[in-house]
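Some notes on the structure that comes next.
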Amino acid sequence: MSDDGWSSMGGYMEAKIQKLEKQFQEKSSRNEQLSSIFNKVAIHVNGYTNPTADELKTLMAKHGGKYHAYYNRKINYTTHVIASNLPRAKAKDLKPNQKIVRPEWIVESITAGTLLPIQPYLLVANSSVSRQKILTSKKEGELLDAFFSSNPSTSKCIEDTTPQVKPEAGENTPQCSTVVANHVNQQANSRTSKIAATTDSGFLDEFYANSRLHFISTWKNDLADFFKVTVTKQSTSYWKRRIIEIDERAKSKVIMHIDMDCFFVSVGLLSRPHLKGRPVAVTHHSSYSEIASCSYEARAAGLRNGMFYGRAKELCPDLIAIPYDFEAYKDISQKLYTVLASYTQSLEAVSCDEALLDVTQLVEDTSLTPQVIAQNIRGKILDATGCNASAGIGPNIALARMATRLGKPNGQHEVTLQQAEEFIRDLPVKDLPGVGRATASRLRELGASTCGELQKIHPDLLKKEFGNKTGQKLHELSKGIDEREVCQSKERKSVSADVNYGIRLKTEDEMKTFLNNLSNEVSSRLKKTGLSGKKITLKVMVRHSDAPVETAKFKGHGVCNSISRSKNLNEYTDDCDIIGREGITLMKSLQLNVTDLRGIGIQLSTLTSTSSLSKSRLSIQQFIKKGKSCRKSSDMQIITPEKKIDSEKKNVRLMILPSSVLLIPSHSNDSINTSFLDALPEELRKEIEKDYKAQKNALQQ
DNA sequence: ATCCTCCCCTAC
DNA sequence: TAAGGTAGGGGAGGAT
Ligand SMILES: Nc1ccn([C@H]2C[C@H](O)[C@@H](COP(=O)(O)OP(=O)(O)OP(=O)(O)O)O2)c(=O)n1
Ligand SMILES: [Mg+2]
Ligand SMILES: [Mg+2]
C-alpha cells in the first residue's frame with residue numbers, strides 16, 4: 001500500500017541532486033571546492049524553490065559561487081536572483097533590470113560542468129509556459145516529478161561530522177553567507193549599539209531578521225502560496241474530479257491534522273543528534289528570552305513554548321538552549337509541504353509546521369483506512385525531513401486537532417464520530433480549539449473546567465455570557481461539533497506590520513521617522529501581495545501609568561494599554577508616503593507622550609487588488625468582480641456551494657477609483673449624478689454613495 | 001437590522 | 001540583553 005500512486009516517484013531533479021551529493025561524498029571533505037563554475041556568481045534565492053534555498057546555498061559553496069541570504073541592490077553585488085515563480089520574485093524591490101533565473105540553471109550548470117547561458121532559464125511573465133518549453137522532451141509525469149516530486153531520498157539530513165559544541169555560541173546570523181559568517185558576525189556585534197536606537201534605519205530590518213514570530217507568520221502565507229502552485233501544476237484531471245464530487249458530499253468527512261513535533265527543536269537536533277533525548281529548547285540564553293520550542297523531555301519538567309528562559313531554567317536546571325536557525329526551519333517546512341502536496345489538493349496551511357487535510361476523497365479512492373494513510377504520510381515526512389510528525393484524525397477539524405494532541409509525540413490518534421462525545425468529556429475546556437486563557441477562565445467561573453461540564457451549560461446562558469456566535473460555538477465544540485471546512489485559501493482582509501519590541505522614542509521627530517519607516521514596510525508588503533487598502537489603522541501600546549519606565553525584559557513593552565485608531569482613506573493606496581502621513585496624523589490625534597510608546601503597528605484593510613485600480617473609470621463593470629476570484633487570476637480554490645452563496649453578498653466589492661475624480665463634481669452639491677449608477681446593483685450603489693459622503697466630509701474639514 | 005469603530009481573544 | 005508578529009473572529013455600543 002505504501003507504493004501505490006503517489007509514493008516514491010524518482011524525481012528528475014532529485015536524481016540530479018543525489019548524483020551531485022554523491023560526488024561530494026566521494027570527495028569527502030566538507031569544505032573542498034568541487035569546481036569554480038560560479039566564480040563570478042552571487043545568488044539570492046527568492047521564495048520557495050526546488051532545490052531548496054539551503055541546498056542551493058550548499059551547491060554554490062561547493063562550486064565557487066556566493067550565496068546572499070538577503071538581496072543586495074548594489075551594482076554587481078547580487079548577480080542573479082533565483083526564483084521559481086514570479087509573483088513573489090516581483091515582490092522584492094529588485095534592481096530595475098534584475099535577471100530572475102530559475103533554480104534549474106544552477107543544477108544543470110553543475111551537471112554540465114560549466115556555466116550554462118541563463119537565457120533558457122530566465123523566469124518570464126508566465127513561468128509555467130517557459131518551464132514547459134525547457135522540458136518539452138519530458139513526459140508530463142516526469143515533468144511533475146522533476147519539480148514537485150515528494151521523493152525524499154536525497155534529502156536525508158546531512159550529517160554534521162563535527163559534533164557541535166554545546167549552546168554557548170549563540171551565533172545566529174541568518175543574514176550572511178557561510179563564507180563570511182564570522183567576519184560579519186563581528187560586524188553585527190560592533191554595530192549593535194548603533195542599531196539599537198528605534199529610529200535607526202537598520203532597526204526594522206534587524207528586528208524582523210530575528211523575530212521568530214515574524215518569520216512563522218510570513219512562512220505560513222508563503223507556504224500556502226507554495227502549496228497552491230505545487231498542487232495546481234500536479235494533476236488537472238484529479239482536480240476537476242474533486243470539484244465535481246465536492247457537491248455530493250453529505251456524508252461524513254475524514255479530516256487529518258498533521259503537526260511536527262517540537263518543530264524548531266527537532267530541526268535544531270538534526271545537526272546535534274547527540275542532544276536527542278535531553279531537555280532542549282530553542283531560545284536565546286537570557287532570562288527574559290522566550291522559549292520558541294522545547295523538547296518533550298523538557299516539557300516533562302513543566303516547560304512550555306512561549307515561557308521565559310529564566311523560569312524554564314528554574315523548572316529544569318539541565319535545560320540545554322540551542323540557537324535559532326531560521327533558514328533551516330523554512331527549508332524543512334517546505335519539505336513538509338512538498339510531501340503533503342503529493343497526497344491531496346485539499347489542504348489548509350495552519351502554520352509552518354502544521355496543516356489540515358481533508359482526506360475524505362482520498363480514503364474513498366484508495367480504500368485505505370485513515371490510520372494507514374496517516375502512517376504513510378508521517379513516514380514520508382520523516383524521510384524527507386528527518387523530523388517526527390504527529391497526526392490526528394477526526395470527522396471534523398476540531399476533533400482532528402484535539403486528536404493530534406493525544407497522538408503526540410511521534411504518534412497518531414483517531415477519533416470517530418461515535419467516540420467523539422466520550423473522548424471530549426474529560427478534556428479541559430482549554431483544549432478546545434479557540435478556547436484560550438481568557439475564555440477558559442471565564443468558563444471556570446461558570447463552573448465549566450472540563451468539556452463535560454461545558455456540555456451541561458445551557459446554550460442560552462453561553463450566548464448570554466459570550467455573545468451569540470461565540471456561545472453557540474462553545475456549545476457545539478463541547479459536543480465535538482465543528483462545521484468548518486478545510487479551506488485552501490482565504491481572501492486576505494488586512495496587511496499590517498507591528499513592532500512591540502525595542503520601541504523607545506524620545507521626540508516627536510523620532511516618532512515620525514519611525515512611522516515613516518514602518519509605513520515603508522507596510523507599503524512593500526502591500527506591493528508584494530499586489531494589494532491596496534482604503535482603511536488605515538494605527539495600533540499602539542502605551543506604557544501603563546503604573547508600569548515602570550524600565551521594563552524587566554530588555555527592550556520589552558512591559559505592562560501596557562493597547563489603543564487603536566482608524567481612518568477611512570478616500571482612495572485605495574499602497575503608497576508609502578500616504579500611509580506614513582496618515583499614520584502620523586492618527587498618532588497625533590491620540591495625543592500621547594511619545595516617550596510612553598512601547599509598541600507601534602500599522603494595518604491596512606478594506607483591500608482591493610492594485611491592478612484593478614485602473615486610471616480609466618470608463619467601464620465600471622469591468623472592475624466589479626466577485627471578491628473571491630478577483631485578486632489572483634490563477635487562484636484555484638475549492639469553494640463549496642453553500643459557502644459561496646452565504647458569502648456572496650459580502651464579497652461583492654467595488655473596485656473603481658480614484659474616486660475623487662469620479663465622484664466629486666467641481667460644484668459640489670448634495671446629489672450625485674446617478675444616471676450611470678442606476679444600472680448597478682443596490683449594494684454597489686450604496687457603496688458608491690458612502691464613498692461620496694466620506695469624500696464630502698473630508699473636503700469640508 | 002446593519003454598519004462602524006475600537007477593542008479583546010486566539011493561534012502558530 | 002533580545003528580537004513580545006500577524007491575521008482573523010467576533011463582541012459592545014453607538015450611528016445610521
Ligand atoms: N509561543 C510560540 C509557539 C510556537 N512557536 C514556533 C516554534 C514552534 O516549534 C513552532 C510550531 O509551534 P507548535 O505549536 O506546533 O509547537 P511545537 O512544534 O514546538 O511543539 P508540538 O510538538 O506541541 O507541536 O512555532 C514560537 O516560536 N512561539
Ligand atoms: Mg508542532
Ligand atoms: Mg504547530
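None of the values given here were measured: they were computed from a predicted structure. Letters A, B, ... are given to chains in the order of the sequence lines, protein chains preceding strands, and every chain is numbered from 1.
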* Does His214(A) have a side-chain nitrogen or oxygen under 4.0 Å from the phosphate oxygens OP1 or OP2 of dA3(C)? -> no
* Hey, is the side chain of Thr470(A) poking within less than 4.0 Å of OP1 or OP2 on dG9(C), counting only N and O atoms? -> no
* Report the nucleotide, chosen from dA3(C), dA7(C), dT1(C), that has the shortest atom-to-atom distance to any side-chain atom of Phe554(A). => dT1(C)
* Asked: Between dT6(C) atom P and Asp498(A) atom CG, what is the distance in whole Å?
  -> 5 Å
* To do: Encode nucleotides 5-12 of chain B as B, S and - characters from 5' to 3', where the letter depends on protein heavy atoms closer than 4.0 Å: B to the base, S only to sugar-phosphate, - to neither.
  => SSS-SSSS
* Would you kindly give the CD1-to-C1' distance between Ile536(A) and dC4(B), to the nearest whole Å? => 17 Å
* Asked: Of the options His257(A), His413(A), Gln412(A), Glu354(A), which is the one that meets Thr404(A) in a side-chain hydrogen bond (donor to acceptor under 3.5 Å, both in side chains)?
  -> His257(A)
* dT6(C) phosphate, OP1 or OP2: any side-chain N/O from Tyr501(A) under 4.0 angstrom? -> no
* Determine which pairs satisfy salt bridge (charged side-chain N to carboxylate O under 4.0 Å, His left out) with at least one residue from residues 583-592 of chain A, sequence neighbours left out, and list them in order. => none
* dG5(C) phosphate, OP1 or OP2, under 4.0 Å from Asn500(A) side-chain N/O -> yes
* **Any Ser211(A) side-chain nitrogen or oxygen under 4.0 Å from OP1 or OP2 of dG5(C)** => no
* **Under 4.0 angstrom between Lys463(A) side-chain N/O and dG11(C) OP1 or OP2** => no
* To do: Would you classify Arg484(A) as touching base, sugar-phosphate or nothing, given that sugar-phosphate means primed atoms plus P, OP1 and OP2, and contacts are heavy atoms under 4.0 Å?
  => nothing
